[in-house]
Amino acid sequence: MSTFISFILAIISSMLIDNVVLSRFYGICPFLGVSRKVKSSLGMGIAVVFVIILATCICWPIYTYVLVPAGIPFMDTVAYILVIASLVQLVGLFIKKYSPALYKTLGIYLPLITTNCAVLGVVQGNTDQGLTFLNALANGVGTSLGFLVVIVVFSCIRVRLESANTPKAFKGLPIALITAAIMAIAFMGLQGLFSGIKL
Amino acid sequence: MKREKGQTKKNFLKGIIQENPLLVSILGTCPALATTKSLEAAIGMGILFTIVLLCSNVLISLLRKLIPDEIRTPAYIVIIATFVTMVKMFTNAFLPELYSTLGVFISLIVVNCIVLGRAEAYASKNGVFDSFIDALGMGVGYTLSLCLLAFFRELLGTGGFTFGQIFTFIPLTKLIIPGAEKFAISLFQTPAGAFIVFGIVLAVVAFIKNRKAELKAFEAKQAKLKAAEEAKAKLAAQQAQGGQQ
């Protein structure tokens with residue numbers, strides 16, 4: 001039971017307290033680029049959740065059971081990026097074949113994920129910190145859900161911002177970044193969430 | 001092939017000003033926010049980034065006729081990832097403080113859109129020397145814009161600058177404005193401060209761009225008015241001539 005509870009707590013911790021975008025700065029490019037509409041940000045968020053969880057499940061065993069026994073753990077970055085790039089292609093083909101409707105909504109975001117640093121950042125961080133498989137999985141699930149939550153909330157705010165009367169120089173990205181700063185301050189308030197709980 | 005005079009200089013400068021990767025094209029934002037807590041970390045990140053960009057641009061430019069068009073993106077990514085791994089190992093061996101400060105962001109140079117973007121847009125189409133200069137300009141431009149963000153963040157967040165913590169070969173020096181420590185706003189050292197500083201810097205860039213566009217539009221309008229007036233005067237003169245006849 002305690003393993004289960006710590007699994008859930010690790011997910012919530014990497015989702016809200018140590019949020020991927022607002023405190024670890026992974027995936028800023030899609031966060032700013034694909035958040036103009038709520039629908040597209042939802043599509044991007046779900047695609048990222050999909051790819052991060054799959055990439056975590058594949059890259060951790062590759063590092064532990066292939067690279068380390070072979071004595072080449074320094075090749076991790078090269079291996080991961082190849083796995084992620086081919087995984088993204090494969091997921092794209094798979095969805096296209098079995099669910100054309102889903103492909104229509106997610107398809108255009110899939111190629112963008114290859115260069116999303118959230119995926120490589122999570123996978124690399126998992127093995128750099130020497131996490132166990134369960135913790136790595138919790139980190140992957142929590143991080144990707146955190147990305148989904150933040151990008152959807154952010155896009156909802158940005159839709160309102162479009163019609164707001166902002167100074168001309170601040171139109172577009174600058175005011176979006178200031179908004180992100182305020183969101184980051186709000187998320188800082190969650191930092192003491194687990195201070196009373198003993199793991 | 002004959003080279004135009006001053007072309008190399010232009011090629012170098014475009015990465016710093018007109019096509020600045022961070023402030024104009026808004027690429028590579030993740031390290032720009034994460035590694036600009038102190039000026040020293042920003043300089044370190046900029047140097048590592050420039051080395052990777054230089055090596056990958058030169059190699060890709062050398063191999064541009066050998067790599068088939070269909071698989072060029074995976075090929076570029078493997079080349080970039082190899083150089084990143086080399087840089088990572090060198091940093092870990094010779095500058096362990098820099099390695100631990102930047103952490104995973106050294107590996108993340110692989111997915112930095114600028115490196116792949118330059119490979120795709122420039123190195124795959126141009127010669128080795130031009131690609132080298134292009135990479136140098138882009139690298140210096142990126143480093144300078146990282147330093148700009150770090151300058152404000154460290155100054156406002158701690159009241160001064162500290163050197164020698166990451167580059168341990170220089171002695172530890174603290175340049176703190178006397179009395180400014182008391183007024184340091186620690187918010188600027190947190191992630192939220194990074195977003196605020198980057199947002200304001202981008203707004204200033206947009207302001208300058210808007211001013212330039214307005215000035216150009218104004219000049220164009222003046223020129224148009226002048227031309228219309230001249231045409232009118234000409235027509236009037238012609239009519240006057242016709243009247244005389």
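Every chain is numbered from 1 and lettered A, B, ... according to where its sequence line falls, protein lines coming before strand lines.
A 6.0 Å sphere centred on CZ of A:Arg36 holds no more than 12 heavy atoms belonging to other residues, nucleotides or ligands. No more than 12 heavy atoms of other residues, nucleotides or ligands sit less than 6.0 Å from atom CZ of A:Phe50. Within 6.0 Å of CZ on B:Phe167 lie more than 12 heavy atoms contributed by other residues, nucleotides or ligands. Environment of CZ in A:Phe94: sparse, with no more than 12 heavy atoms of neighbouring residues, nucleotides or ligands closer than 6.0 Å. By the 6.0 Å contact criterion, CZ on B:Phe169 is enclosed, its count of non-hydrogen atoms from other residues, nucleotides or ligands being greater than 12. In this structure, A:Phe7 places its CZ atom where more than 12 heavy-atom neighbours from other residues, nucleotides or ligands lie under 6.0 Å away. By the 6.0 Å contact criterion, NZ on A:Lys96 is open, its count of non-hydrogen atoms from other residues, nucleotides or ligands being 12 or less.
Top candidate by heavy-atom pairs under 4.5 Å with chain A, chosen from B:Gly193, B:Ser107, B:Pro31, B:Cys113, is B:Ser107. For the set B:Ala81, B:Gly103, B:Ala32, B:Pro191, the count of heavy-atom pairs under 4.5 angstrom toward chain A peaks at B:Pro191.
Contact of A:Met188 with chain B is made through the side chain alone, with heavy-atom distances under 4.5 Å. Residue B:Leu27: no heavy atom, backbone or side chain, is found under 4.5 Å from chain A. For B:Ile80, no part lies near chain A; criterion is any non-hydrogen pair under 4.5 Å. Only the side chain of B:Ala194 comes within less than 4.5 Å of a heavy atom in chain A; its backbone stays farther off. With a 4.5 angstrom heavy-atom cutoff, B:Thr73 does not touch chain A via any of its atoms. For B:Lys88, the part lying near chain A is the side chain, with the backbone staying farther off; criterion is any non-hydrogen pair under 4.5 Å. Neither the backbone nor the side chain of B:Ile208 comes within contact range of chain A; no heavy atoms are under 4.5 Å apart. With a 4.5 Å cut-off on non-hydrogen atoms, B:Cys30 touches chain A through its backbone and its side chain both.
Note that CD1 of A:Ile72 and OG1 of B:Thr85 are 11.0 Å apart. Values are rounded to the nearest 0.5 Å. Taking CZ of B:Phe198 as the start and CG of A:Leu32 as the end, the distance is 7.5 Å to the nearest 0.5 Å. Put simply, SG on A:Cys29 and CG on B:Asn112 are 7.5 Å apart, with the number rounded to the nearest 0.5 Å. Atom CG of A:Leu177 and atom CG of B:Leu33 lie 7.0 Å apart (nearest 0.5 Å). Annotation: the span from A:Phe25 atom CZ to B:Phe105 atom CZ amounts to 7.5 Å, rounded to 0.5 Å. The CG atom of B:Asn210 sits 4.5 Å away from atom NZ of A:Lys168, with the distance rounded to the nearest 0.5 Å.
Using a 4.5 Å heavy-atom threshold, the side chains of A:Leu22 and B:Phe195 count as touching. At least one side-chain heavy atom of A:Ile178 sits under 4.5 Å from a side-chain heavy atom of B:Ile200.
Minimum interatomic distance between A:Pro174 and B:Gly199 (heavy atoms only, all atoms of both residues): CB-O, 3.4 Å. Among all heavy-atom pairs drawn from A:Ile185 and B:Ala192, the shortest one is CG1-CB, 3.5 Å.
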| field | Stepwise side chain to side chain contact (heavy atoms under 4.5 Å, CB included) test for B:Val104 and A:Leu120 | value | CA-CA 9 Å; B:Val104 79; A:Leu120 186 64; over 6 Å; no
| Derivation of the side chain to side chain contact (heavy atoms under 4.5 Å, CB included) call for A:Tyr26 and B:Leu108 | CA-CA 9 Å; A:Tyr26 299 160; B:Leu108 288 185; 3.9 Å; yes
| message | Assess the residue pair B:Val110 and A:Gln124 against the criterion (side chain to side chain contact (heavy atoms under 4.5 Å, CB included)); give the C-alpha distance rounded to whole Å, side-chain angles, the decisive distance to 0.1 Å, and a yes or no. | response | CA-CA 12 Å; B:Val110 179; A:Gln124 183 85 45; over 6 Å; no
